Asker: 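Would you mind keeping the following structure in view while I ask a few things?
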Amino acid sequence: MDTEDQVDAIVIPKRGLRQGIRSGAARPDDQDADGLSLELLYPGYFGMFSLPNVDLLVACQKNYNDWVFDYASDANGRLEGLAAIPLQDPDAGLTELRRVIDKGFGGVCIPCTSPAEKPYFEACYDPIWALAQEAGMPVSMHVGCNAHVPSRLRPPTPDPLAAYAGSAAAIQRTLVELLCRGVADRFPNLKIVVAEFNAGWLAHWLARLDQGVARENRFGRGLFMELRPLEIWHRQFYATTEDDRAAILTREILGVDNLMWGADYPHSDSTWPCSREVLSELMAEVPAAEVQKITHDNVAAHYGL
């Protein structure tokens with residue numbers, strides 16, 4: 001059966017959710033339709049990262065972690081859930097990180113923006129970074145999973161198109177906190193994933209960040225950095241891509257070993273059930289060995305699959 005026949009055979013209901021969304025046991029059917037062998041699951045309920053009530057946030061994330069673990073366990077080894085870690089309360093975050101490591105999770109997801117007035121380079125987070133590094137636990141930051149921002153600190157509401165196109169701005173400040181303000185230097189084996197922000201913007205942004213660091217070093221402003229941000233990126237940072245041709249064209253800068261492809265099923269901008277067609281266009285003229293790394297080998301090595 002060719003790809004076109006496979007796509008035609010998929011029945012998509014007009015109303016409600018596909019069974020593969022509701023049931024981990026049924027998810028492999030949708031994976032087979034798209035040619036996927038295994039998926040890592042990011043939290044779909046972004047709002048649980050931005051709840052202003054921290055006690056409620058901690059409880060919601062703990063409950064979510066138990067649910068996604070069971071959901072993934074029903075898929076016969078073809079799903080791996082990523083646990084949500086509530087860094088708004090660093091003590092509770094450390095406790096939950098220990099719990100999900102013991103439970104058998106292979107990766108975690110933290111807010112893609114640090115809590116207001118508590119940037120990620122502060123010492124209160126160091127026990128969390130240390131434990132994740134020791135456990136070999138990759139730490140992901142997914143688009144939309146922002147920490148709560150008090151109303152007094154919120155910018156004016158932008159045009160929705162401007163907000164969508166400029167979504168990477170949310171992670172850029174966070175990357176500076178992690179890359180340039182001591183976290184990566186203190187925890188050089190900590191693996192950090194920039195998830196679903198795509199990556200075509202990163203090559204230029206990292207070059208610009210390199211220039212900024214050189215200026216700070218020259219004039220004695222900020223923490224002196226021995227390594228360039230791009231060197232630190234290559235050592236311990238990763239990005240996921242979907243239908244992002246710009247990321248593929250700049251892969252020599254970002255590092256072929258630092259890119260991982262994803263289908264983003266079941267969101268509305270997912271490439272499902274046409275991922276193979278999308279990849280054939282996305283990876284046009286890319287050597288087969290590099291395609292294998294970006295679509296399979298890197299994630300397998302990164303998460304020990």
Side-chain angles (χ1 to χ4, degrees), residues 2-4 6-7 31-42 77-80 82 106-107 136-143 167-168 171-172 175 178-179 184 188-210 227-265 267 269-305:
D2 62 22
T3 302
E4 183 176 352
Q6 291 176 9
V7 173
Q31 293 174 313
D32 290 342
D34 212 23
L36 303 181
S37 58
L38 187 147
E39 292 175 288
L40 292 163
L41 302 177
Y42 284 92
R78 296 184 61 179
L79 293 175
E80 292 281 342
L82 299 179
M137 180 73 76
V139 174
S140 293
M141 298 176 291
H142 191 282
V143 69
S167 60
I171 196 70
Q172 289 170 357
L175 283 174
L178 297 170
L179 274 163
N189 295 315
L190 178 66
K191 297 179 180 181
I192 300 173
V193 181
V194 177
E196 209 187 311
F197 286 90
N198 271 320
W201 56 276
L202 262 166
H204 167 74
W205 184 81
L206 285 167
R208 186 74 173 169
L209 189 60
D210 276 358
L227 296 178
R228 297 167 54 211
L230 185 59
E231 293 176 292
I232 298 172
W233 171 272
H234 288 157
R235 183 182 69 193
Q236 63 190 107
F237 285 76
Y238 306 81
T240 70
T241 68
E242 295 163 33
D243 52 352
D244 183 7
R245 179 68 172 164
I248 301 305
L249 293 176
T250 55
R251 66 190 183 280
E252 292 184 4
I253 298 173
L254 296 175
V256 173
D257 294 334
N258 301 77
L259 295 174
M260 298 181 289
W261 174 81
D264 194 33
Y265 177 90
H267 288 170
D269 56 353
S270 170
T271 57
W272 185 93
C274 305
S275 294
R276 282 167 289 197
E277 294 93 330
V278 171
L279 281 169
S280 69
E281 297 177 6
L282 184 66
M283 301 293 186
E285 302 180 359
V286 177
E290 296 185 7
V291 175
Q292 176 72 12
K293 280 191 171 186
I294 294 171
T295 61
H296 183 278
D297 294 354
N298 290 345
V299 69
H302 190 53
Y303 288 94
L305 302 173

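Values below: all heavy atoms of this structure, side chains included; hydrogens, waters and symmetry mates excluded. Note that the structure is a prediction, hence the values are computed from the model and not measured. Numbers here simply count residues along the sequence, with the first being 1.
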Asker: Which heavy atom in Leu305 sits nearest to a heavy atom in Leu38, and how many Å separate them?
Answerer: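 Answer, listing the atom of Leu305 first, then Leu38: CD1-CD2, 3.7 Å.
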Asker: Using a 3.5 Å distance criterion without hydrogens, assess whether the side chain of Arg235 forms a donor-acceptor pair with backbone atoms of Ala184.
Answerer: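 Checked: pair present.
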Asker: Using atom types as modelled and distance alone, determine if a side-chain donor or acceptor of His234 lies under 3.5 Å from a backbone N or O of Ile253.
Answerer: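 Between the backbone of Ile253 and the side chain of His234 there is a qualifying donor-acceptor contact (under 3.5 Å).
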Asker: So how far is it from Asn258 CG to Thr240 OG1, rounded to the nearest 0.5 Å?
Answerer: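 If I round to the nearest 0.5 Å, the distance is 12.5 Å.
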Asker: I need the Asp264 CG to Thr241 OG1 distance, nearest 0.5 Å.
Answerer: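 If I round to the nearest 0.5 Å, the distance is 11.5 Å.
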Asker: Check the angle between the aromatic planes of His302 and Tyr238 and answer parallel, tilted or perpendicular using the 30° and 60° thresholds.
Answerer: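 Because their plane-to-plane angle lies in the 30° to 60° range, the rings of His302 and Tyr238 count as tilted.
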Asker: Tyr303 and Glu80: side-chain contact (heavy atoms from CB on, under 4.5 Å), yes or no, with the steps?
Answerer: CA-CA 10 Å; Tyr303 288 94; Glu80 292 281 342; over 6 Å; no
Asker: Nearest 0.5 Å, please: how far is CG in Asn198 from CD in Glu242?
Answerer: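 Rounded to the nearest 0.5 Å, the CD-CG separation comes out at 5.5 Å.
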Asker: At what distance, to the nearest 0.5 angstrom, does CD of Glu290 lie from CG of Asp257?
Answerer: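 Reported to 0.5 Å precision, the distance equals 9.5 Å.
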Asker: Should we say atom NE2 of His204 is surrounded by more than 12 heavy atoms from elsewhere, each under 6.0 Å from it?
Answerer: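 For His204, atom NE2 is not crowded (no more than 12 foreign heavy atoms under 6.0 Å).
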Asker: Determine, stepwise, if the pair Leu40 / Met260 fulfils side-chain contact (heavy atoms from CB on, under 4.5 Å).
Answerer: CA-CA 11 Å; Leu40 292 163; Met260 298 181 289; over 6 Å; no
Asker: Check residues 278-289 and write down every donor-acceptor pair under 3.5 Å in which the side-chain atom is one partner and the other belongs to a residue at least two apart or another chain.
Answerer:
{"from": "Ser280", "atom 1": "OG", "to": "Glu277", "atom 2": "O", "distance (Å)": "2.6"}

Asker: Would you confirm whether Gln31, through its side chain, and Arg78, through its main-chain N or O, come within 3.5 Å as a donor-acceptor pair?
Answerer: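 Yes, the answer is positive, given that a donor and an acceptor are paired below the 3.5 Å cut-off.
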Asker: So, the side chain of Ser270 versus the backbone of Ala263: is there a donor-acceptor pair under 3.5 Å, distance only?
Answerer: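 Between the backbone of Ala263 and the side chain of Ser270 there is a qualifying donor-acceptor contact (under 3.5 Å).
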Asker: Before you tell me yes or no, could you show the steps for Glu196 and Tyr42 under side-chain contact (heavy atoms from CB on, under 4.5 Å), namely the whole-Å CA-CA distance, both residues' side-chain angles and the distance that decides it to 0.1 Å?
Answerer: CA-CA 10 Å; Glu196 209 187 311; Tyr42 284 92; over 6 Å; no
Asker: Taking all non-hydrogen atoms of both residues, which atom of Trp201 and which atom of Ala168 are closest, and how far apart?
Answerer: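 Trp201 and Ala168 have their closest heavy atoms at CE2-CB, 3.4 Å.
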Asker: Return the OG1 to CG distance between Thr295 and Leu259, rounded to the nearest 0.5 Å.
Answerer: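 Reported value, rounded in 0.5 Å steps: 11.5 Å.
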Asker: Relative to each other, are the rings of Trp233 and Phe237 parallel, tilted or perpendicular (30° and 60° limits)?
Answerer: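 Trp233 and Phe237: parallel rings.
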Asker: Regarding Asp34 and Ser275, is there a side-chain donor-to-acceptor distance under 3.5 Å anywhere?
Answerer: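 Judged by distance alone, the side chains do pair up.
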Asker: Spell out, as yes or no, whether a donor-acceptor pair under 3.5 Å connects the side chain of Arg251 to the backbone of Ile248.
Answerer: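 Answer holds: yes.
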Asker: Testing the basics here: between Asp32 and Arg276, what is the closest heavy-atom pair and its distance to 0.1 Å?
Answerer: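 Between these two residues, the closest heavy atoms are O-NH2, 4.3 Å.
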Asker: Nearest 0.5 Å, please: how far is CG in Leu254 from CD in Glu252?
Answerer: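 Separation between the atoms: 10.5 Å.
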Asker: side-chain contact (heavy atoms from CB on, under 4.5 Å) for Ile171 and Trp205? Distances and angles first, verdict last.
Answerer: CA-CA 11 Å; Ile171 196 70; Trp205 184 81; over 6 Å; no
Asker: Does CZ in Arg245 sit with more than 12 non-hydrogen atoms of other residues, nucleotides or ligands closer than 6.0 Å?
Answerer: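 Yes.
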Asker: Kindly indicate whether the side chain of Leu175, heavy atoms from C-beta on, has any atom under 4.5 Å from the side chain of Leu209.
Answerer: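 Answer no - side chains too far apart.
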Asker: Between the main-chain N or O of Ala247 and the side-chain N or O of Asp244, is there a donor-acceptor pair closer than 3.5 Å?
Answerer: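 Looks like yes, one N/O pair under 3.5 Å.
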